[in-house]
Amino acid sequence: MIVVTRFEGRPDGDADGSQESFRTRLGAAVAVLERCPGFVDARVGRNIDEPALWVLVTTWTNVGSYRRALSSYDAKVAVVPLLSEAIDEPSAYEPLDGELNVNAPRQLG
């Protein structure tokens, strides 16, 4: 399972315009998530043309692992508040390992 979470930071960022505090919060969230069972990988990125746009892409073994990770105490403290600032759009994707959108139950893990 792939989770793509996009953020639109304040255009002015921190006092110096660097948005370092937001980057630090993203790093702290990744540190919590990578300790969770089922976590595979995470990437943080910043848009080249619009520097206020950020993305957090995580990969999980299944949707159940991701949901359980978000319900942990550490995630509720460090990750969920950050995710509440995300752009409101669908974020969970199934990797294409064959047919597109097969009408079948998903593995919840």
Side-chain angles (χ1 to χ4, degrees):
M1 183 188 130
I2 304 164
V3 180
V4 179
T5 309
R6 297 185 322 131
F7 301 89
E8 185 169 9
R10 297 182 327 203
D12 59 346
D14 295 336
D16 65 355
S18 68
Q19 296 191 349
E20 278 303 312
S21 66
F22 187 72
R23 183 177 183 172
T24 300
R25 292 173 58 215
L26 280 169
V30 169
V32 169
L33 293 174
E34 67 188 4
R35 293 191 304 263
C36 296
F39 174 87
V40 176
D41 187 51
R43 306 271 319 244
V44 172
R46 188 172 180 185
N47 189 282
I48 295 169
D49 298 315
E50 296 289 335
L53 292 175
W54 293 77
V55 66
L56 170 62
V57 180
T58 56
T59 308
W60 299 84
T61 56
N62 53 51
V63 68
S65 296
Y66 175 66
R67 290 179 178 163
R68 282 188 294 279
L70 292 182
S71 68
S72 73
Y73 175 80
D74 289 342
K76 288 179 182 177
V77 171
V79 180
V80 173
L82 180 70
L83 294 180
S84 71
E85 299 174 32
I87 295 172
D88 187 17
E89 63 186 10
S91 61
Y93 296 85
E94 290 181 294
L96 294 179
D97 295 330
E99 295 183 43
L100 178 62
N101 294 327
V102 176
N103 187 12
R106 274 46 170 190
Q107 178 187 4
L108 296 178

Practice item. For residues K76 and S71, report the shortest heavy-atom separation together with the two atoms involved. Key: CE-O, 3.3 Å

Revision key, fill the gap. For L70 and L33, the nearest pair of non-hydrogen atoms, with its separation, is CD2-CD2, 4.4 Å

Check your understanding: Do V30 and L83 share a hydrophobic cluster, counting only Ile, Leu, Val, Met, Phe, Trp and Tyr and linking them when any side-chain heavy atoms are less than 4.5 Å apart?
Key -> yes

**Study point:** For W54, the option from N47, L26, T5 that meets side-chain contact (heavy atoms from CB on, under 4.5 Å)
**Key:** L26

Check your understanding: For the residue pair T58 and W60, what are the closest heavy atoms and their distance?
Key -> OG1-NE1, 2.9 Å

Review point. R43 side chain to V57 main-chain N or O, any donor-acceptor pair under 3.5 Å?
Key: no

Study note, to complete from the structure: So OG1 of T59 and CZ of F39: to nearest 0.5 Å the spacing works out to 7.5 Å

Review point. Can you hop from I2 to V63 via hydrophobic side chains spaced under 4.5 Å?
Key: no

Exercise for review: Quick one: closest heavy-atom pair of A78 and P81, and the distance?
Suggested key: C-CD, 4.2 Å

Review point. Name the one of I87, V44, L56 that satisfies side-chain contact (heavy atoms from CB on, under 4.5 Å) with F7?
Key: L56

Review point. Can V3 be reached from L82 by stepping across I, L, V, M, F, W or Y side chains whose heavy atoms are under 4.5 Å apart?
Key: yes

Practice item. Identify the heavy atoms of A69 and A75 that sit nearest to each other, and give their distance. Key: O-CB, 3.0 Å

**Study point:** Residues, nucleotides or ligands: over 12 heavy atoms within 6.0 Å of R25 CZ
**Key:** yes

Practice item. Flag the pair V55 / R6 as yes when at least one side-chain heavy-atom distance between them is below 4.5 Å, and no otherwise. Key: yes

Point to revise | Main-chain N/O of A31 paired to R35 side chain as donor or acceptor, under 3.5 Å | key: yes

Check your understanding: Going hydrophobic residue to hydrophobic residue with side-chain gaps under 4.5 angstrom, can you get from L53 over to F22?
Key -> no

